[in-house]
A.B. asks: 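Below you will find the structure I want to go over with you.
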2 protein chains.
Amino acid sequence: MMATQTISQECGDCPIRHRAVCARCEPDELQTLEEIKYYRNFQAGQTIIWSGDRMDFVGSVVSGIATLTQTMEDGRCQMVGLLLPSDFVGRPGRDGAAYDVVATTDVVMCCFRKRPFEDLMTSTPHIAHRLLEMTLDELDAAREWMLVLGRKTAREKIASLLSIIARRDNTLNKRNAKTRMVIDLPLTREAMADYLGLTLETVSRQISALKKDGVIELEGKRHVIIPDIRRLMDEAGDDSDGGFLV
Amino acid sequence: MMATQTISQECGDCPIRHRAVCARCEPDELQTLEEIKYYRNFQAGQTIIWSGDRMDFVGSVVSGIATLTQTMEDGRCQMVGLLLPSDFVGRPGRDGAAYDVVATTDVVMCCFRKRPFEDLMTSTPHIAHRLLEMTLDELDAAREWMLVLGRKTAREKIASLLSIIARRDNTLNKRNAKTRMVIDLPLTREAMADYLGLTLETVSRQISALKKDGVIELEGKRHVIIPDIRRLMDEAGDDSDGGFLV
DNA sequence: CTTCCGGGTTGATTTAGGTCAAGGCGGCTC
DNA sequence: GAGCCGCCTTGACCTAAATCAACCCGGAAG
């Protein structure tokens, strides 16, 4: 098994290899991954994958933010996932995409050609294993979100979204848990509304309300200061600390 | 590799072995599964697993219906999954349960002790593979449900739920697709409400409305006749046929 | 047979959030 | 600087669903 040191050298800045799949790869497996790997860039607003399209790659987000959305014929739209750097995209064993994937900011993706990746997966148990783990995480996240969508008030929904982004930010940057936090909202009000099952007006109103009540502070439209994370999580109605302050 | 014939003999009536995991098991793997396997019975209303509890088994539903639910401190409750016969329960690699699992009817589960099952999983790639596939299916279902919860009206929600149950019934019994169908509602109005993010009164009202409009017919409270599945799916607002009438 | 009780229905009223509409603000081009 | 455009905010009003409340129905217990 390779040491972390070597992996860093071999893998460059590709998060799928660092974090998601290759922490335990042998050199020849790394070699295979290297051969089937390529990068793709997308501009903000660009659709990366259309729902129903044939997908010939899997991969992970290197930088930027993308969303998974489902849209009804009449235009109603629900975001079903938020892709941040290191998140995996793709459905090994499936041919078609199930959702639209849209770049919210400029996005760099690290892609692997699908067939060879699937072959590698069958021959390398720990990759399948890791993928199962990641899928279970996504399933948990989706189910947590079902509670938000089905049972929370608009105010709680906003607080939940901010909590989740703050949490992701926190673990991503490996900062120590703090009570005061600053986050950069990567979403327009409309995108937030599509995530939360609200209208953009309601999102705007509730953000104003949280600000008035001192739960958050705003600097411009997108820069959110959270004076006390626990206060925010309280507003979100979560019973747990969401892994924040252990 | 064993022929299907042999598997049938070996596996008895345990769906995890038939459908979920063992379609490609070697005899010695079947032997291992047999050794770590046991059955458990639950009565209607009984909680099978409490959220947060340590889980020492994985398994699948043999008969009956169970629900996955999340509950907030103030009692608000959201169902995040519906377990029908052949559905898998458990999170390989995770120790704690993430949700309450409650038996809605009497339930028989086929369980496998968790550690040995996980060991078998690492040594048997196709089991991990199959599990990944099942988890991806669940993820798709969860995300489909997010659209229902976030963006559909009460009437559409009811129609969606009936469609899904009808669809499951259909594939489970391997019937040919028909337009006329009869389903046995396995849920109380309250459980339906918890699934749909509604109140039980609204569920009741919308069911009455669908009946008045001839989309469904009722025999007693729980027996639902669907004269025309496509009409129902139309009410659900789904663009696809949901794999019904291919 | 009567009572009770859990599930279900239906009506009256309230309310959270949607809808419609009028600006505000910051950045961009011309 | 003027005008424009995308994004955001705020207000007035409306409506779908929640809430509160009464009642129905069928099956089990006494």
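A, B, ... follow the sequence lines: proteins, then strands. Residue 1 opens every chain.
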A.B. asks: Round to a whole Å and report the spacing from CD1 of Ile158(A) to C1' of dC8(D).
C.D. replies: 13 Å
A.B. asks: Rounded to whole Å, how long is the line connecting atom CG of Leu218(B) with atom P of dC25(D)?
C.D. replies: 15 Å
A.B. asks: Answer with base, sugar-phosphate or nothing: what part of the nucleic acid does Leu198(B) contact at a heavy-atom distance below 4.0 Å?
C.D. replies: sugar-phosphate
A.B. asks: State whether the number of non-hydrogen atoms from other residues, nucleotides or ligands found under 6.0 Å of Glu217(A) atom CD is greater than 12.
C.D. replies: yes
A.B. asks: Send over the distance from Lys157(A) NZ to dG17(C) P, rounded to a whole Å.
C.D. replies: 7 Å
A.B. asks: Provide, to the nearest angstrom, the distance between the CG atom belonging to Leu210(A) and the P atom belonging to dC8(D).
C.D. replies: 16 Å
A.B. asks: Between Gln206(B) and Glu201(B), which has a closest nucleotide on DNA chain D that is more 5'?
C.D. replies: Gln206(B)
A.B. asks: Check whether any side-chain N or O of Thr202(A) sits under 4.0 Å from OP1 or OP2 of dG18(C), and answer yes or no.
C.D. replies: yes
A.B. asks: Take a 6.0 Å sphere around CD of Gln43(A) and say whether it holds more than 12 heavy atoms from other residues, nucleotides or ligands.
C.D. replies: no
A.B. asks: Reckon Ser208(B) has a side-chain N or O less than 4.0 Å from the OP1 or OP2 of dT10(C)?
C.D. replies: yes
A.B. asks: Asp194(A) CG to dC7(D) P: how many Å, rounded?
C.D. replies: 13 Å
A.B. asks: Looking at Thr188(A), does any N or O in its side chain come under 4.0 Å of the phosphate oxygens OP1/OP2 on dG6(D)?
C.D. replies: no
A.B. asks: Arg155(B) near the nucleic acid: base, sugar-phosphate alone, or nothing, with a heavy-atom cut-off under 4.0 Å?
C.D. replies: nothing
A.B. asks: Donor-acceptor check, side chain of Trp145(A) to backbone of Tyr195(A), threshold 3.5 angstrom: yes or no?
C.D. replies: yes
A.B. asks: Of the listed nucleotides (dA17(D), dT19(D), dT9(C)), which one gets closest to any side-chain atom of Ser204(B)?
C.D. replies: dT9(C)
A.B. asks: If only side-chain N and O atoms of Arg189(B) are considered, is one of them under 4.0 Å from the OP1 or OP2 phosphate oxygen of dT9(C)?
C.D. replies: yes
A.B. asks: Could you state the CG-P distance from Leu185(A) to dT9(D), rounded to the nearest angstrom?
C.D. replies: 10 Å
A.B. asks: Regarding Asp238(A) and Arg230(A), does a basic nitrogen lie under 4.0 Å from an acidic carboxylate oxygen?
C.D. replies: no
A.B. asks: Which whole-number value in Å describes the distance from Arg151(A) CZ to dA16(C) P?
C.D. replies: 16 Å
A.B. asks: By the 4.0 Å heavy-atom rule, please label Gly197(B) as base, sugar-phosphate, or nothing.
C.D. replies: sugar-phosphate
A.B. asks: Pick out which of Thr104(A), Thr105(A), Asp194(A) makes a side-chain contact (heavy atoms from CB on, under 4.5 Å) with Leu187(A).
C.D. replies: Thr104(A)
A.B. asks: Distance criterion of 3.5 Å, no angle test: do you see the side chain of Arg222(B) paired donor-to-acceptor with the base of dG7(C)?
C.D. replies: no
A.B. asks: Nearest to the Arg205(A) side chain among dG8(C), dA17(D), dT19(C), which nucleotide is it?
C.D. replies: dT19(C)
A.B. asks: In this structure, how many angstroms lie between the C1' atom of dC25(D) and the NE2 atom of His223(B), rounded?
C.D. replies: 19 Å
